[in-house]
Amino acid sequence: MNLSIGLIVTTLLFVALCATVPGKLKGYVALLAVLINAGISSVVAIAVLQGEVVEKLYYGGRVFGEIPIRMDALSAWFILLMNFTMITGILYGIRYMKAYQEQKANLSLHFSSFIVIHVAMLGIYVVQNGLAFLCVWELMAIASFLLIIFEHRNIEIVKAGINYLIQSHIGIVFLMLGFIIVYSHTGSFDFNAIGSYSKSASAPAALLLFACFFITFAIKAGFVPFHTWLPYAHPASPSHVSGIMSGVIIKLGIFGILRMLILIDGNYLVLGYLILILSAVTGVYGVMLAIIQHNVKKLLAYHSIENIGIIGMGIGLGCIGKATDNSYLALAGFAGALLHTLNHSLFKSLLFYCAGTVYQATHTMEIERLGGLIKKMPQTAILFLIAALAICGLPPFNGFISEFLLYSGLFSGIQSGQLSSAIIFILSIFGLVLIGGLAMLCFTKAFGIIFLGSERHPYEHPIKEAELSKLFPKYMVVLVILLIGLVPQLFMRLLTRPLQLFVNTADPFSGLDDFTGVMQQVSFAAWALVALVLLVLGIRKLITRKSIKDFGPTWGCGYIAPTPKLQYTANSFVRSYRKLVHPMLIMNKKENELKGVFPNAVHSHTHPYDKVEALFIDLPLKLLKGFMSKFRFLQNGNMQLYILYGVVFIFIAIMIPLTMDLVHYMVKLFQHI
Amino acid sequence: MQGISIILIIFTSLFFTGILIRTKSFFSGRKGPGVFQPLKDIWRLLKKGAVTSETTSFIFQIAPSIYFATVFLSALLVPFGDQPGLISFSGDFVFFAYLLALGKFFTIISALDTGSSFEGMGASREGLFSMLAEPAFFILIGSLSLLTGHTSFHQIFSTLYMGMGSHVEQAVVALAALVLVAIAMIENSRMPIDDPKTHLELTMMHEVIILDNSGFDLGMILYTTNLKFAMYGALIADLFLSPSIPIYLAIPFMLFIQVVFAISAGTIESFMARFRMSHNPQFIFVLTSISLLIFLGALLLLGKIT
């Protein structure tokens with residue numbers, strides 16, 4: 001039985017089914033489709049991770065030529081992590097979409113897009129023909145656009161969606177350019193042709209080719225300065241879509257970069273340094289902006305940029321290690337990058353699901369309006385806390401494992417390299433530490449202000465914990481987060497084959513054994529931490545069992561009538577940080593001053609804005625608009641003039657060939673003379 | 001023999017703050033409490049009941065225990081001379097730093113849990129300053145790891161000690177000791193970053209975070225501070241301990257250095273005023289620069305800069 005055709009047929013069937021069944025069942029149809037597709041692809045992917053080779057050729061007509069479907073260990077790794085997040089996403093999405101049950105047509109479109117995007121992404125991972133790849137890539141872009149604009153009655157959301165659509169199509173232009181370059185030299189759209197072309201081409205040409213692909217994938221992944229669509233698209237989409245977008249869709253960019261690194265045989269040293277520096281900048285810049293955001297989802301979106309930076313640092317390190325034949329560095333880098341891709345897809349989707357639950361309970365995403373939710377929604381609070389600890393890279397959770405791998409790589413890289421590399425590595429360590437510290441500041445703020453303290457504003461209606469079916473997918477994610485954090489050596493073993501693709505030294509496994517050994521120790525230390533915490537809590541319980549416990553108001557330095565308004569706000573929590581990094585940010589502030597003996601109400605609003613966006617998007621657009629406005633006199637609404645334009649155009653169109661003939665005739669005439 | 005390090009750290013933690021306070025009282029011309037007075041206070045607190053704020057949740061209840069557990073576990077990683085700590089592996093200092101960060105995360109959110117504006121203020125400062133101090137620690141350890149060619153606490157400190165090699169090497173070790181002392185002062189919220197004896201909530205950092213803690217939890221937090229001090233003292237002592245010293249000499253030597261560290265911390269507190277809050281980041285940036293200097297020194301020693 002042919003699996004690929006099977007997948008396509010099921011998809012079409014379920015999309016048709018999704019449109020016909022009543023509103024309540026649409027979600028379940030999508031769930032069934034995702035489960036079937038995920039099941040089939042996972043079985044193949046697991047076999048590939050165990051060493052099987054999957055390669056099939058389809059004849060795609062005269063235009064496409066042969067379409068190879070290849071699944072190597074890299075595709076398999078990404079397919080597995082995608083399937084997991086897609087399943088938790090649709091499980092959560094069904095419950096999340098209950099609130100919109102009356103919009104039947106809209107729901108059909110939404111859930112069909114969900115099925116389609118899953119298959120499109122499977123296609124992106126396995127299709128290795130340039131033209132066919134463009135098709136699945138486009139399919140993915142359009143399906144994700146449809147997913148984003150679910151609430152299309154809100155103009156802001158449509159704007160964010162169109163922003164995303166335009167930017168991803170700018171990416172597609174570069175992708176096309178890359179495939180055209182290869183096709184013009186080799187006459188083949190097969191991905192293997194990219195490899196053979198880059199081997200024969202000169203170094204600058206190979207670099208140019210890589211740059212074409214890199215820009216496309218960097219836009220998708222959200223590397224600075226290509227990230228500007230991300231902070232708009234994430235808050236606009238429904239929460240389960242934000243979850244899969246941040247967890248899976250932007251990882252397509254990472255996959256693309258890794259794929260091209262395997263194919264294009266470039267100068268890995270230069271590429272490595274470029275990627276490392278760009279990623280460190282991306283990471284630090286992403287988290288710097290995340291801290292000052294007041295919208296939960298926007299904050300999380302900027303954190304995705306930061307995490308892409310961390311993954312990119314791993315890729316950069318791996319390339320440098322590969323170029324300098326330092327297999328330890330290469331392994332640490334690529335293993336860190338691949339593992340962090342998985343980790344980020346877990347904790348970031350969990351954070352978005354939690355944010356969605358908070359949104360549906362309180363109807364706001366403004367951090368300043370929330371507070372004290374931990375008493376109303378204890379389970380959501382614990383889930384958010386676990387994800388926050390994991391994203392900060394704290395043990396014993398999964399984020400620590402991948403960051404630990406990157407640190408091991410960086411510290412070993414320092415010792416082996418030359419002066420210049422040592423300096424770049426120490427600066428990267430500086431960057432990575434800074435990212436960790438800033439992430440901690442950001443998530444103590446997010447968790448502390450949203451869930452702790454008391455309510456900052458009265459909620460319009462009573463707040464309840466989400467029902468179990470809404471919490472279940474989140475617990476699934478937490479389980480994997482803990483599994484990676486506590487027994488990382490298992491996952492290191494899964495990474496063996498994907499890593500082999502990158503590190504082709506004589507014996508990649510000996511290096512990997514070192515890692516597994518260290519991971520064993522890290523796992524032991526993580527268990528020790530858990531045991532110690534439980535032990536201390538137990539002793540505390542035992543000793544304080546008999547002592548007197550009393551309750552009172554929070555100490556207010558003698559003031560006995562505090563109101564919730566007196567609490568620290570998110571803005572004041574990060575104020576000293578904001579003052580410190582002031583020159584690097586744009587902070588639009590609106591404040592009216594206190595006047596008179598009995599002052600009126602005072603308001604202070606702050607609106608953070610992205611300096612890179614102002615520089616790379618807004619400024620060129622403004623210049624372009626300024627230039628175009630010079631021609632505005634042409635479009636003056638006068639029908640007679642428009643007809644005149646047409647006549648002039650036709651006249652010119654006829655005149656050009658005539659003039660050319662005339663010139664030729666005259667030239668010949670003069671030659672005769 | 002691996003456990004000797006943690007035993008010594010716990011032993012030192014019993015009298016460390018006592019010596020510090022005694023030094024301060026000496027310089028201010030007071031008689032001062034006994035060396036074990038802080039410990040007696042903690043013991044009394046541990047037995048007391050507690051008043052908890054109604055605003056708080058379970059975070060407030062578990063945070064002090066997690067704080068203690070993280071510091072205790074990171075103390076297990078600290079080696080003693082050429083004896084490794086109970087837990088030791090390649091890259092353990094990353095684990096060390098992230099463990100301390102985990103403890104700090106919980107201290108900060110437990111302060112936010114009370115919903116008090118003062119504690120929020122303290123939490124904000126603690127988060128920012130410890131975030132700024134972290135790069136200095138990592139660059140320091142990175143330089144030492146570059147210098148020695150190893151990537152674990154135990155290997156680094158058993159190769160590196162004061163009195164080895166050239167003058168440049170000694171200067172590097174002395175600077176490293178200086179940075180470690182400064183980091184210890186920041187991490188323990190002492191002068192010149194924070195004044196533990198201030199009586200105004202607005203000028204506090206660490207003290208204000210634990211305003212609402214009482215009874216067993218407060219006692220545990222106070223003891224953790226002592227433990228943290230002793231742990232950094234042990235790290236500093238390791239810089240000076242040569243692996244060739246036999247263990248019966250190394251133990252008194254280590255205790256001696258811890259006492260010197262406590263006295264110097266007390267002396268700093270007696271003669272310095274706390275920085276203005278806005279100047280703290282500058283001070284911490286200076287630390288990062290000094291660690292970069294150590295990095296350059298390490299490069300110089302290895303002949304990578306000529």
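From a predicted model like this one, the values you see are computed outputs, not experimental measurements. Labels below follow one simple rule: chain letters A, B, ... track the order of the sequence lines, proteins then strands, and each chain is numbered from 1.
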Exercise for the section: Look at B/Ile59, B/Ile87, B/Asp113 and state which one has the largest set of heavy-atom pairs under 4.5 Å with chain A. Expected result: B/Asp113
Completion exercise
Rounded to the nearest 0.5 Å, the CG atom of B/Asp212 sits from the OG atom of B/Ser116 at a distance of 6.5 Å
Handout entry: Qualifying residue, where the test is ring-ring contact (aromatic ring centres under 6.0 Å, His included) with B/Phe138 and the options are A/Phe430, A/Tyr407, A/Phe425
Key = A/Tyr407
Handout entry: Options B/Ala298, B/Gly215, B/Gly120, ranked by heavy-atom pairs under 4.5 Å with chain A, top entry
Key = B/Gly120
Practice task
Measure distances from A/Leu529 to the heavy atoms of chain B and classify the residue's part below 4.5 Å as side chain, backbone, both or neither.
Solution key: both
Problem - Any donor-acceptor N or O pair under 3.5 Å, side chains A/Asn343, A/Ser402 - result: yes
Exercise for the section: For the pair B/Lys228 and B/Glu187, find out whether any cationic side-chain nitrogen is under 4.0 Å from an anionic carboxylate oxygen. Expected result: yes
Fill in the blank from the handout: In short, A/Gly409 meets A/Ala332 closest at the heavy-atom pair CA-CB, 3.6 Å
Problem - Inter-residue atom distance B/Leu100.CG - B/Ile183.CD1, 0.5 Å rounding - result: 11.0 Å
Exercise for the section: Name the member of B/Arg125, B/His150, B/Glu126 that forms the most heavy-atom pairs with chain A at distances under 4.5 Å. Expected result: B/His150
Handout entry: Part of B/Phe58 lying under 4.5 Å from any heavy atom of chain A
Key = side chain
Exercise for the section: Could you tell me the separation between the CD atom of B/Gln61 and the OG1 atom of A/Thr544, rounded to the nearest 0.5 Å? Expected result: 8.5 Å
Problem - A/Thr380 side chain to A/Glu465 side chain, donor-acceptor N/O pair below 3.5 angstrom - result: yes
Exercise for the section: Would you mind telling me which of B/Gly142, B/Ser110, B/Ala111 has the largest number of heavy-atom pairs within less than 4.5 Å of chain A? Expected result: B/Gly142
Exercise for the section: With a 4.5 angstrom heavy-atom cut-off, could you sort out which part of B/Phe129 is near chain A: side chain, backbone, both or neither? Expected result: neither
Handout entry: Heavy-atom pairs under 4.5 Å with chain B, option from A/Lys375, A/Gln521, A/Lys549 with the top count
Key = A/Gln521
Fill in the blank from the handout: Bottom line for B/Ser214: the part with an atom under 4.5 Å from chain A's heavy atoms is neither
Problem - Atom pair CG (B/Asp92) and OG (B/Ser74), whose distance is rounded to the nearest 0.5 Å - result: 11.5 Å
Problem - Which portion of A/Phe443 sits near chain B, non-hydrogen atoms under 4.5 angstrom - result: both
Practice task
Considering only heavy atoms and a distance below 4.5 Å, find which of B/Thr151, B/Ile66, B/Val94, B/Leu46 pairs most often with chain A.
Solution key: B/Val94
Completion exercise
With chain B, the option among A/Ser572, A/Ser576, A/Ala525 that has the most non-hydrogen atom pairs under 4.5 Å is A/Ala525
Handout entry: Heavy-atom pairs under 4.5 Å with chain A, option from B/Pro281, B/Gly127, B/Gly149 with the top count
Key = B/Gly149
Exercise for the section: Go through A/Leu394, A/Ile374, A/Ile548 and name the one with the most non-hydrogen pairs under 4.5 angstrom from chain B. Expected result: A/Leu394
Exercise for the section: Please look at A/Phe400 and chain B and tell me whether the side chain, the backbone, both or neither of the residue comes under 4.5 angstrom of a heavy atom of that chain. Expected result: side chain
Problem - Flag if over 12 foreign heavy atoms under 6.0 Å of CZ, A/Arg578 - result: yes
Handout entry: Derivation and outcome, side-chain contact (heavy atoms from CB on, under 4.5 Å), residues B/Phe68 and B/Leu227
Key = CA-CA 9 Å; B/Phe68 172 77; B/Leu227 193 66; 4.2 Å; yes
Completion exercise
Of A/Val518, A/Leu537, A/Leu385, the largest count of non-hydrogen pairs under 4.5 angstrom with chain B goes to A/Leu537
Practice task
Decide whether B/Ser13 and B/Tyr223 meet the rule of one side-chain donor and one side-chain acceptor closer than 3.5 Å.
Solution key: yes
Exercise for the section: Identify which of A/Phe451, A/Tyr577, A/Phe447, A/Phe404 forms the greatest number of heavy-atom pairs closer than 4.5 Å to chain B. Expected result: A/Phe404
Handout entry: B/Ile108, part contacting chain A, at a heavy-atom distance under 4.5 Å
Key = side chain
Problem - Proximity breakdown for B/Phe118 and chain A, heavy-atom pairs closer than 4.5 Å - result: side chain
Completion exercise
Okay, A/Ile423 and chain B: the region with an atom under 4.5 Å from a heavy atom over there is both
Completion exercise
Heaviest contributor of heavy-atom pairs below 4.5 Å to chain B, chosen from A/Glu403, A/Gln567, A/Arg540, A/Met440, is A/Arg540
Problem - Segment of A/Ala526 engaging chain B (4.5 angstrom heavy-atom cut-off) - result: backbone
Completion exercise
Only one of B/Thr52, B/Thr55, B/Thr114 passes side-chain hydrogen bond (donor to acceptor under 3.5 Å, both in side chains) with A/Thr554, and that residue is B/Thr55
Exercise for the section: Scan side-chain atoms only and decide if A/Gln520 and A/Ser523 contain a donor-acceptor pair under the 3.5 Å cut-off. Expected result: no
Fill in the blank from the handout: Under 4.5 Å to a heavy atom of chain A? For B/Phe106 that would be side chain
Exercise for the section: Please state whether the side chain, the backbone, both or neither of A/Leu532 comes within less than 4.5 Å of a heavy atom of chain B. Expected result: both
